[in-house]
Amino acid sequence: MRGQRRCDIAAGAFIALLGAVVIVAASQIRGDVEERLPPRTLPYVVGFMTLAGGLGLAVKSFRFHGKDPEIQWPEKDGWVRIGVNLLLLALFTALMDPLGMPIATGLYVAGAIRYMDRRRVLTALLTGAGSALVVYYLFIRLLGLTFPLGPLGR
């Protein structure tokens, strides 16, 4: 079996590399000078946060000096949970254009919470609605980013 420390170092390095790729790709995005917030701002923030998180994970794992725990792979229920979450993410991506980013985000968050904890229906609905409002007002209205609006843009 592989140890958790070695896998965390490899995962951290991969995540940091992914962040660096996002930063390089964001530097290629061009925008108008007159825009109050250039279109590459959000990808830069995400790229630098991903890079920092990956480096942090790799360095923390590298510096760990305790007993290296073995990796506990998920059982059948865990694999099903991972599969359902990947399916929900694929649905979110597919519904983003026709429904718009805020509505798709709200449905995704509510669906994921509902699947993970079936007893908290009201929490799932309120968190989904709150997420949709945050996406709409923060990213679209306040920051002026051009995400798909779906029926909200008509």
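This chain uses plain numbering: 1 for the first residue, then up along the sequence. Any value given below was found using the heavy atoms of this structure, including those in side chains, with hydrogens, waters and symmetry copies removed. Computed from a predicted model, the values in this text were never measured in an experiment.
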Let me check something: do [X] and [Y] share a hydrophobic cluster, defined by ILVMFWY side-chain heavy atoms less than 4.5 Å apart, either directly or through other members?
X	Y	result
V80	L86	no
F48	L57	no
I23	I15	no
M49	L138	no
L125	F92	no

Heavy atoms only: give me the nearest [X]-[Y] pair and the separation to one decimal.
X	Y	result
P151	P98	CD-O, 3.7 Å
I140	P102	CD1-CG, 3.8 Å
S61	I9	CB-CG1, 3.7 Å
A112	N85	CB-OD1, 4.3 Å
L51	A20	CD1-N, 4.3 Å

Are side-chain heavy atoms of [X] and [Y] found at a separation under 4.5 Å?
X	Y	result
Y136	R141	yes
Y108	L89	yes
F62	R5	yes

Between [X] and [Y] (side chain of the first, backbone of the second, donor and acceptor by atom type, cut-off under 3.5 Å), is there such a pair?
X	Y	answer
R40	I29	yes
D117	I113	no
T127	A124	no

Applying the side chain to side chain contact (heavy atoms under 4.5 Å, CB included) criterion to V135, which one of T105, V109, I103 satisfies it?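 Of all the options given, the one that passes is T105.
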Look at atom [atom1] of [X] and say whether more than 12 heavy atoms of other residues, nucleotides or ligands are closer to it than 6.0 Å.
X	atom1	result
Y137	OH	no
Y115	OH	yes
M116	CE	yes

As an exercise, state the distance from CG of L95 to CG of L88, rounded to the nearest 0.5 Å.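 The distance works out to 10.5 Å.
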